[in-house]
A.B. asks: 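Dumping the structure here so I can ask a few things about it.
Everything numeric here is computed off the predicted structure, so don't read it as measured data. Atom set for the values below is all heavy atoms of this structure, side chains included, hydrogens, waters and symmetry mates excluded. Throughout, protein chains are lettered first and strands after them, A, B, ... in sequence-line order, and every chain is numbered starting at 1.
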Amino acid sequence: MSDTPQYREVKHLHLPEIDREILAFWNENQIFDKSISTREGNPTFVFFEGPPSTNGLPGIHHVMGRTIKDLFCRYQTLKGKQVSRKGGWDTHGLPIELNVEKSLGIRKDDIGVKISVEDYNKHCRQDAMRYIDIWNDVTEKMGYWVDMDNPYITYENEYIESLWWLLQQFYSKGLLYKGYSIQPYSPAAGTGLSSHEVNQPGCYREITDTTVVAMFKVINNTKSAFLFDDEQEDLRILAWTTTPWTLPSNTALTVGPKINYVKIKTTNPYTHQKVSVVLAESLVEKWFGAKNQPSIDEQSPTFTGKQLQNITYEQLLPFGNDIEPLDGATDAFRVILGDFVTTEDGTGVVHTAPSFGADDRKAARTAGIGTLTLVDKQGKFIDTVGEFSGRYVKDYLDDPSYVSVDVDIAVRLKLDNKALNVQKYEHNYPHCWRTDKPILYYPLDSWFIAASKYRDRMSELNQTINWKPATTGEGRFQNWLENIQDWNLSRSRYWGCPLPIWRTTDSSSEICIGSLAQLQTEIDKANRILGLNQTMPPDLHRPYIDNITLVSDEGEPMQRELDLIDVWFDSGAVPYAQWHYPFENKELIDDKKGFPADFIAEGVDQTRGWFYTLHAISVMLFDSVAYKNVVSNGLLLDEKGVKMSKRLGNVVDPFVAMDKYGADTVRWYIISNSNPWDNLKFSWKKEWNEDKTEVIREYSLGMEEVRNKFLGTLYNTYSFFALYANIDGFNYSQPEVPLANRPEIDRWILSLLNSLVKKVDAYYATYDATPAARLIQEFVSDHLSNWYVRLCRRRFWKGDMGVDKLSAYQTLYRCLEVVCQLASPIAPFITDFIFRNLNNTSQLHAAESVHLSQFPVANDLAIDAALEERMMLAQTASSLVLALRKKADIKVRQPLQKILVPVLNEQQQTQFEQIEKLILAEVNVKEIQFVSDTSGIVTKSIKPDLKKLGKKLGGKMKAVTTALAAFSQEDIKTIEQGSYNFNIDGETITVLLDEVLITSEDIKGWMVNSDKGVTVALDVNITPELAQEGIARELINRLQNLRKTSNFNVTDRINVQLEQNELIANVIENTALHQYICSEVLADSLTAVPHLPQTANTIDINEVVLGVVVTVSSAK
RNA sequence: AGGCUUGUAGCUCAGCUGGUUAGAUCACUACACUGAUAAUGUAGGGGCCGGCGGUUCGAGUCCGCCCAAGCCUACCA
């Protein structure tokens, strides 16, 4: 034993324990802080944390998202970048409000009645941070490095102040305006609903409505003349609706410009009057000609929707109301065009009521059509709708005597010869989740950001963003941008960022506040002019902010617009508000030091959420992208591919998973299993007790595989190294053995290692972590552990520290060290554990943690493709021989004399000769013999090289392939001269040697096996000498096992006494074998004795049982 | 309804610009190997590569249509 520090050895690997130890080390030594401070002055890598909401518990999917964020930040740190990561919490939003309402047992309309806004918001503020401790805990345990000590919190005044500043920017650019939009509205509750609320489970329900095909009478003028056969013709356009109550408010009919329409002459089934009607050609059959349907008396040639444009018609249900202007337009009762029109159902003509449909309103706007809003906010007709005045359009009051207004309108239309068809229709319709009543779509005033004005610029800048996967950016996000609508910011709620706009009651004056200082000035001004005594509210939320009255230039009081803003604005403003920009940290944004982000990551469901709001704000206000690279990850599903939900009990608790397998295992499993953007079926089984009330066991086969195959193997490789390096006192203080002086196998694994560094670096750099993880895993498990270490074992424990042994240590050391660096972004714990154990002894790195080291640089000179190919050959050949041994039922421990390898040329032979020793050692054979075809015992086979021949021959391929398959050995000899002429259908085709593939398949009279172009034959004769040697090796194996089970030290020398037996007598009396055995098992003596005590161990060699006593030798 | 993604062995995934008999892991069975191993080797079973059509000498791969699952968006009248 030497005096050098020892590599640490841990008997049984327990990953969660390593986690704890490394976490403690990180904390004590502030490794995270150092990973930033040691990069001071280097180029920065900017990362934004998408804030999670802490009012729910963290799930395993959060671990996934954060692993992705963490690993690329760690990688960039290794590459020398300075990566600061500010944490943050999302604290506003509907889920928090709903949670509070649920726990208090109240409803929205109770706010301000049963509970004050003040108290309500207090509850929200608490709820927002409800699980903050658990979140901090999961963040630490999973090894996610993000600054949790100074997070941004969206409810703080400073954050809100930044939001106000941004809003003021929009306002002063004329991009923030108040306007109407059609929104889901609940007349029963008297409130608008967010799409979130409408999409709650159970809101869409099957209901039966009265539908009407209404007939709109066409006015005969120059536009429409082509439709009329004569002046008297009664010509009508058909339009279908499921909401007849919107018919009095009709102001237009929308047709598809490319849809074909026809005119049908028929008879109205209700009035029996002759009438001509216009509808889409493909929908004629739906309404006409069949039994119980109106007849088709005559059908016109088709005309397109475009031709119908601007034809005017008589108002269907005129009650003398003035057309309300829409963007100033008051035109009405005209056919307009709309791309949204389909021929799926209805008549291919959409009855358009711009006040009650978003599409309607959009189409009407572009066509310059006005609107009619004949229903009020209580859901009843206003007083000027004739017989329908004052009637509720749906039963909003639970009135037992309620009569459907839809039915009455249908009846009226039938009587007036204005309906062609009236029937019941079942369809899905959204309902208010609070009142269970059908919602209606209604124009409500809201504050908007004019995002549509920046549609082109947003698309343009999006093309400079690197999306992972690319299709999300090019497809989903790009499409979204191209159809972007103005952003509705208004929310009529209580807990959120208040809109900083004050208005006079007549809306003649307004002010948008952009800072606390400005608010203070305005408060002072109002106090002075209005004689008030207001002070700055300590909290910018409602209700305090609502109580502030400001004053207009004209001296009129102004009140705040009561709206809150969309929480998505909170998160879209992260780049600026997290730094309290522009009130602090101005240079971060203005000098582009902390903006835009180099990298962000979030779930793909955020495409229209965070990804969009970040983009929109930065493009509109800063004419910049907000992020240069973005990874959008898919969902985590349970084992069966079902979305995880608490209700189904199929959620995986991240704490349980990490406690059981360690954070590295969870992280590695998630990254290596599938690309982040593909949905991941999370391997996790739960076994329940009989009553199904308690989980008795939960486990993950997938994670066990990761642990056993990768992390465990990596650790074992290290532990193998440590065992012998400690014995030999290897501490890397000796000079580096030059590459040229290292044996073939060392140069091989180093070649692979350097190739690996290059590939992994490239994958990380392009945000492709999954292939990087798979390559690292393959290297460790298949190449390093299973081939390099297995073949080199002896080099570590045999002999003195010569060049060969030193080379082995240095090579394995480097492999372990570099692998740890490469894998550390994904598996930060075990890699730091191993790296530090290595480095503590060798002191090769100044860095005290793998995470503070520099990413390894590949040495191109060490990469040798020919060598890598040769080693593949050795592995293949060894496999083939092992398979042959198995077939002949000869154990590997039994030495055999020789293998035969047919070679086609000298080059191939040279290649084999370089790896000869490795193969022989691996398969326990004494010699290798090469046979060339001149010996006449090698059988060859021939195949076409399809890539080359396919292009040349085309249709003649099949014939040539068949001919080649029938080739004799003689034919192959012929083509080996250079070429061969085929006669196919009387045509001569010349195939060159270059265009076929020749392999040696068989050797006459031998057991042969071949694969991947390699063929080997095995001599299976066991001579008495070989048999004896076989027994010697069996004996060695048993003695080694005894050493192990007796817990001897690896270096202990022993004395061996064997029970006398014929089987072994010859072996131990053979001087060479005797010495061989002793040197292998470190025996000072090996003797056969007639009798052994009862307590002796027994061993079994070739079914012979004999006693053995092994004792530690006192002679040292 | 539209956009996007996915569909290969019982499971989880590879399969590069079309090329010969479609691979790996896990799980199962048997036998080996082990002086690091929760490792590994050999052998075995297991596949209408979601379906149909097309292009081609040749399709898991390219094209079209369809089916299924998922996500996002949508008042489809």
A.B. asks: Rounded to whole angstroms, how far apart are CD on A:Glu922 and P on B:U34?
C.D. replies: 11 Å
A.B. asks: In whole Å, what is the span from the OH atom of A:Tyr788 to the C1' atom of B:U40?
C.D. replies: 18 Å
A.B. asks: Measuring only the C1' atom in each nucleotide, how far is B:A14 from B:G47? A whole number of Å is fine.
C.D. replies: 15 Å
A.B. asks: Rounded to whole Å, how long is the line connecting atom OH of A:Tyr699 with atom P of B:C11?
C.D. replies: 16 Å
A.B. asks: Do the side-chain N or O atoms of A:Arg793 get closer than 4.0 angstrom to the phosphate oxygens (OP1, OP2) of B:U37?
C.D. replies: no
A.B. asks: Write down the distance separating the P atoms in B:A9 and B:G50, rounded off to the nearest Å.
C.D. replies: 8 Å
A.B. asks: Between B:U8 and B:A59, how far apart are the C1' atoms? Round to whole Å, please.
C.D. replies: 14 Å
A.B. asks: So, A:Asn462 and A:Trp467: side-chain donor and acceptor under 3.5 Å apart, yes or no?
C.D. replies: yes
A.B. asks: Grab the CG-P distance between A:Leu723 and B:U34 for me, whole Å please.
C.D. replies: 17 Å
A.B. asks: If you measure from the C1' atom in B:A32 to the same atom in B:U21, how many Å do you get, rounded?
C.D. replies: 28 Å
A.B. asks: Provide the distance between the two P atoms, one in B:G18 and one in B:G58, to the nearest whole Å.
C.D. replies: 15 Å
A.B. asks: Does either side chain, that of A:Thr713 or that of A:Ser781, offer a donor lying less than 3.5 Å from an acceptor on the other one?
C.D. replies: no
A.B. asks: Counting Watson-Crick and G-U wobble pairs only, both distances under 3.5 Å, name the nucleotide matched with B:U20, or none.
C.D. replies: none
A.B. asks: Without decimals, in angstroms, what is the distance between A:His783 NE2 and B:A39 P?
C.D. replies: 19 Å
A.B. asks: Measure the distance from CD1 on A:Ile942 to P on B:U20 and round it to the nearest whole Å.
C.D. replies: 17 Å
A.B. asks: Let's test this: given Watson-Crick or G-U wobble pairing with both distances under 3.5 Å, identify the partner of B:G2.
C.D. replies: B:C72
A.B. asks: Taking 4.0 Å as the cut-off, does a side-chain nitrogen or oxygen of A:Asn1037 come that near to OP1 or OP2 on B:U34?
C.D. replies: yes
A.B. asks: Applying a 4.0 Å non-hydrogen cut-off, can you work out what A:Arg774 is touching in the nucleic acid: base, sugar-phosphate, or nothing?
C.D. replies: sugar-phosphate
A.B. asks: Classify the side-chain pair A:Asn924/A:Arg1033 by whether it contains a donor and acceptor separated by less than 3.5 Å.
C.D. replies: yes
A.B. asks: Looking only at atom P, what distance separates B:G15 and B:G23, rounded to whole Å?
C.D. replies: 15 Å
A.B. asks: Over all strands shown, is A:Leu882 touching base, sugar-phosphate only, or nothing at heavy-atom distances under 4.0 angstrom?
C.D. replies: sugar-phosphate
A.B. asks: Might you point out which heavy atoms bring A:Gln478 and A:Ser459 nearest each other, and give the distance in Å?
C.D. replies: NE2-CB, 3.2 Å
A.B. asks: So A:Gly712, base contact, sugar-phosphate only, or nothing? Heavy-atom distance under 4.0 Å.
C.D. replies: nothing
A.B. asks: Please determine if A:Arg1038 and A:Glu1034 form a salt bridge, counting it only when a charged side-chain N lies under 4.0 Å from a carboxylate O.
C.D. replies: yes
A.B. asks: Looking at A:Ala239 and A:Phe216, what are the two nearest heavy atoms and their distance?
C.D. replies: CB-CE1, 3.7 Å
A.B. asks: Are OP1 or OP2 of B:A36 and a side-chain N or O of A:Ser719 less than 4.0 angstrom apart?
C.D. replies: no
A.B. asks: Touch check for A:Leu1082, heavy atoms < 4.0 angstrom, all strands: base, sugar-phosphate only, or nothing?
C.D. replies: base
A.B. asks: 5'-most contact on RNA chain B: A:Val349 or A:Trp480, nearest heavy atom basis?
C.D. replies: A:Trp480
A.B. asks: Please report the distance separating the C1' of B:G41 from the corresponding atom of B:C4, rounded so that it comes out in whole Å.
C.D. replies: 45 Å
A.B. asks: Scan A:Ser879 against the nucleic acid and name what it touches under 4.0 Å (heavy atoms): base, sugar-phosphate only, or nothing.
C.D. replies: sugar-phosphate
A.B. asks: Determine: side-chain N/O of A:Tyr718 to OP1/OP2 of B:A36, distance under 4.0 Å, yes or no.
C.D. replies: no
A.B. asks: Which nucleotide, if any, forms a Watson-Crick or G-U wobble pair with B:C65, using both distances under 3.5 Å?
C.D. replies: B:G51
A.B. asks: Quantified in whole Å, what is the C1' atom distance between nucleotide B:U12 and nucleotide B:A43?
C.D. replies: 24 Å
A.B. asks: Please tell me which of A:His14 and A:Val341 maps to the more 5' nucleotide of RNA chain B, matching each residue to the nucleotide holding its nearest heavy atom.
C.D. replies: A:His14
A.B. asks: Distance check needed: B:A43 C1' versus A:Leu880 CG, whole Å only.
C.D. replies: 14 Å
A.B. asks: Please report the distance, rounded to the nearest Å, between CZ in A:Arg795 and C1' in B:A36.
C.D. replies: 16 Å
A.B. asks: Taking any heavy-atom pair under 4.0 Å as a contact, classify A:Thr241: base, sugar-phosphate, or nothing.
C.D. replies: sugar-phosphate
A.B. asks: Evaluate the criterion ring pair (Phe, Tyr, Trp, His ring centres under 6.0 Å) for residue pair A:Trp568 and A:Tyr612; output intermediate values, then yes/no.
C.D. replies: CA-CA 9 Å; A:Trp568 284 113; A:Tyr612 169 64; 9.8 Å; no
A.B. asks: On the nucleotide B:A36, are OP1 or OP2 found under 4.0 Å from the side-chain N or O atoms that A:Arg790 carries?
C.D. replies: no
A.B. asks: So, is A:Asn679 near the phosphate of B:U6, with a side-chain N or O under 4.0 Å from OP1 or OP2?
C.D. replies: no
A.B. asks: Measure from NZ or CZ of A:Arg794 to the centre of the six-membered ring of A:Trp797 and say whether it is under 6.0 Å with the direction within 45° of the ring axis.
C.D. replies: yes
A.B. asks: Respond yes when some side-chain nitrogen or oxygen of A:Thr243 is under 4.0 Å from OP1 or OP2 of B:A77, and no when none is.
C.D. replies: no
